[in-house]
Enquirer: 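Shown below is the structure under consideration.
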Amino acid sequence: MVRGNNETNGRNAKERDTPMTDHDKMLKLSRRTLLTGAAGAATLAVAPQLRAPAIAQKAPLKVGLMLPYTGTYAKLGKYIDDGFRLYVEQKGGKLGGREIVFVQVDDESKPEAATDNMNRLVGREKADVVVGTVHSGVAMAMVKVARDTKTLMIIPNAGANDATGPLCAPNIFRTSFSNWQTTYPMGKVMFDAGIKKVATITWRYTAGAEMVSAFAENYKKLGGNVVEDLTLPFPEVEFQALITRIATLKPDAVFSFFAGGGAVKFVKDYAASGLNKSIPLYGAGFLTDGTIPAQGEAANGIKTTLHYADNLDHPANVAFLKAFKDKTGNVGDIYAVQGYDAGALLDIGLSAVGGDAAARDKMIAAMGAAKIDSPRGPLSFNKAHNPIQNIYLREVRNGRNEMISIAQANVDDPARGCKIS
Ligand code: PHB
């Protein structure tokens with residue numbers, strides 16, 4: 001389902017030749033079935049951009065937001081969307097002097113619909129840039145279309161290793177992480193904590209498999225023992241049988257990846273079983289990012305690794321959290337940061353070419369060389385366009401993910417299989 005807030009979207013050829021008044025535009029918006037709830041609100045929130053002067057120097061740059069606005073990852077998609085739009089708003093609705101308009105599609109975290117959705121964005125909707133998505137399987141389908149059509153794409157979450165590995169391309173950037181990157185450092189953290197035997201648990205799809213594998217790569221190298229890998233299909237949340245299996249296995253600790261609505265349910269179910277008292281829960285930071293208000297006390301004491309922590313006190317994070325709260329009324333999280341930084345990265349590219357996205361090589365070179373003072377800390381990019389960033393060890397205390405230490409500084413994904421030199 002594609003929704004746009006740009007002037008031409010949804011109008012026939014004759015209508016497009018007739019200038020729309022502001023009143024027409026608002027009517028058009030209200031007649032159209034907007035995405036309900038948060039995403040709809042986000043669309044309406046940028047409606048004032050429609051009042052931009054009719055004769056602009058250059059046509060607006062169209063950003064396609066392909067994100068999950070429904071399903072277990074709906075909140076993640078909304079925060080990325082809010083973060084990106086916050087950055088654009090802070091720049092007066094323009095990046096590199098070029099007015100930005102949006103078209104958005106709900107990808108529902110469904111890989112089977114991803115190719116069609118992406119083709120529609122770059123084909124019919126003629127998006128100049130696509131920002132998406134959350135789910136690794138959906139992102140992989142998008143990457144293939146982006147490579148074929150040479151569409152500029154910025155991934156604001158999905159960690160699929162291959163996107164900045166064998167399928168890396170000059171026109172594909174990521175402002176989030178690779179699945180390898182977030183959990184590799186956890187292998188050492190858990191081994192150094194004296195944990196000898198671990199059971200892992202996750203959803204059976206790319207992100208879960210790659211995060212568990214990166215953790216295990218480091219943990220086993222150091223001498224740790226993974227006693228069993230437990231999985232269930234994405235996005236199922238019937239955890240009971242697997243939690244019972246953990247009780248039988250009696251590992252020293254559990255390593256897990258879940259996110260969004262599924263992470264809320266897993267953490268609550270695990271605490272309800274009482275196992276958290278004897279077998280501590282560890283994980284990729286997504287387990288507790290943006291989820292603590294819904295998890296409540298069940299999340300207390302969970303240790304995770306991620307490229308963000310709630311109490312990072314450098315000025316960029318303090319200012320970001322305030323601005324995000326002022327705009328949305330919500331507390332920013334890693335997803336909001338990744339969306340915000342996708343805006344910053346596009347701004348750097350467009351600024352280098354005076355807003356002329358046709359000067360593609362120059363724009364891409366500027367983005368590749370970007371050094372961003374991100375809310376997460378220093379952010380730069382490797383040759384495959386994956387972030388180089390600190391990975392923090394965090395613990396849930398006082399209802400937030402507090403940083404304990406930098407688990408590994410300036411972590412650079414190995415970009416295995418990437419041919420860009
Ligand atoms: C992914 O599918 O790559 C993914 C989804 C949600 C997260 C992190 C990674 O929180």
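We count ligands from 1, going down the list as the structure has it; atoms in each ligand are counted the same way. Because only heavy atoms are used, hydrogens play no part in the values below, and waters and symmetry mates are left out as well, while side chains stay in.
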Enquirer: Are any of the N/O atoms on Tyr73, whether in the backbone or the side chain, positioned under 3.5 angstrom from an N/O atom of ligand 1?
Expert: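 No.
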Enquirer: Side chain, backbone, both or neither: which part of Thr206 comes within less than 4.0 Å of ligand 1 when only heavy atoms are counted?
Expert: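 Within the 4.0 Å criterion, Thr206 makes no contact with ligand 1.
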Enquirer: Enumerate the atoms of ligand 1 whose separation from the nearest heavy atom of Ala158 is less than 4.0 angstrom.
Expert: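 The list of qualifying atoms is 3 (O).
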Enquirer: Taking non-hydrogen atoms only, is Met140 closer than 4.0 angstrom to ligand 1 via side chain, backbone, both or neither?
Expert: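 None of Met140 does.
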Enquirer: Measure from the ring center of Tyr335 to the ring center of Phe84 and say whether it is less than 6.0 Å.
Expert: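 Tyr335 vs Phe84: aromatic centres not under 6.0 Å.
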Enquirer: Among all protein heavy atoms, pick the one closest to atom 1 (C) of ligand 1 and tell me residue, atom and distance.
Expert: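 Checked against all protein heavy atoms, atom 1 (C) of ligand 1 sits closest to Val134 O, 3.2 Å.
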Enquirer: So that I know where these two stand, are Phe239 and Phe258 an aromatic pair - ring centroids less than 6.0 Å apart?
Expert: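 That pair passes the under 6.0 Å test.
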Enquirer: Is it possible for you to check whether Arg85 lies under 6.0 Å from the centre of the six-membered ring of Phe102, through NZ or CZ, and within 45° of that ring's axis?
Expert: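 Yes, a cation-pi geometry holds between Arg85 and Phe102.
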Enquirer: Would you mind checking which non-hydrogen protein atom is closest to atom 2 (O) of ligand 1, with the distance to 0.1 Å?
Expert: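 For atom 2 (O) of ligand 1, the nearest protein heavy atom is Tyr205 OH, 2.5 Å.
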Enquirer: Would you mind running through ligand 1 and noting each atom that sits below 4.0 Å from a heavy atom of His135?
Expert: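 The list of qualifying atoms is 2 (O).
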Enquirer: Please check whether Phe257 reaches ligand 1 - meaning an N/O of the residue sits under 3.5 Å from an N/O of the ligand, judged on distance alone.
Expert: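 By distance alone, the answer is no.
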Enquirer: Starting from the C-alpha separation in whole Å, work towards a yes-or-no answer on side-chain hydrogen bond (donor to acceptor under 3.5 Å, both in side chains) for Gln181 and Asn386.
Expert: CA-CA 10 Å; Gln181 196 172 30; Asn386 193 67; 3.2 Å; yes
Enquirer: Provide, to 0.1 Å, the distance between atom 10 (O) of ligand 1 and the closest protein heavy atom, together with that atom's residue and name.
Expert: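 The closest one turns out to be Tyr335 OH, 2.7 Å.
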Enquirer: Measure from NZ or CZ of Lys75 to the centre of the six-membered ring of Tyr79 and say whether it is under 6.0 Å with the direction within 45° of the ring axis.
Expert: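 Yes - Lys75 lies over the ring of Tyr79, closer than 6.0 Å to its centre and within 45° of its axis.
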Enquirer: Between Tyr282 and Phe255, is the gap from one ring center to the other below 6.0 Å?
Expert: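 So the answer is no for these two rings.
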Enquirer: Which of the numbered atoms in ligand 1 are below 4.0 angstrom from a heavy atom of Ala259?
Expert: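 Close to Ala259: 6 (C), 7 (C), 10 (O).
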Enquirer: State yes or no: are the ring centers of Tyr308 and Tyr392 separated by less than 6.0 Å?
Expert: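 Centroid distance Tyr308-Tyr392: not below 6.0 Å, so no.
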Enquirer: Return the closest protein heavy atom for atom 3 (O) of ligand 1 as residue, atom name and distance.
Expert: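 It is Ser136 OG, 2.6 Å.
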Enquirer: Can you tell me the protein heavy atom closest to atom 8 (C) of ligand 1 and the distance?
Expert: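 Protein heavy atom with the smallest distance to atom 8 (C) of ligand 1: Asn157 ND2, 3.5 Å.
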Enquirer: May I ask you to list the atoms of ligand 1 that are less than 4.0 angstrom from any heavy atom of Leu76?
Expert: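 Result: 6 (C), 10 (O).
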Enquirer: Checking Thr70 against Asp106 for the side-chain hydrogen bond (donor to acceptor under 3.5 Å, both in side chains) test, could you report, in this order, the C-alpha distance in whole Å, the side-chain angles of both residues, the deciding distance, and whether it holds?
Expert: CA-CA 7 Å; Thr70 53; Asp106 179 8; 2.7 Å; yes
Enquirer: Does ligand 1 have a heavy atom under 4.0 Å from the side chain of Phe177, from its backbone, from both, or from neither?
Expert: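 The answer is the side chain of Phe177.
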Enquirer: Among Asp413, Asp412, Asp162, find the residue that satisfies the side-chain hydrogen bond (donor to acceptor under 3.5 Å, both in side chains) test when tested with Ser178.
Expert: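 Only one option passes, and that is Asp413.
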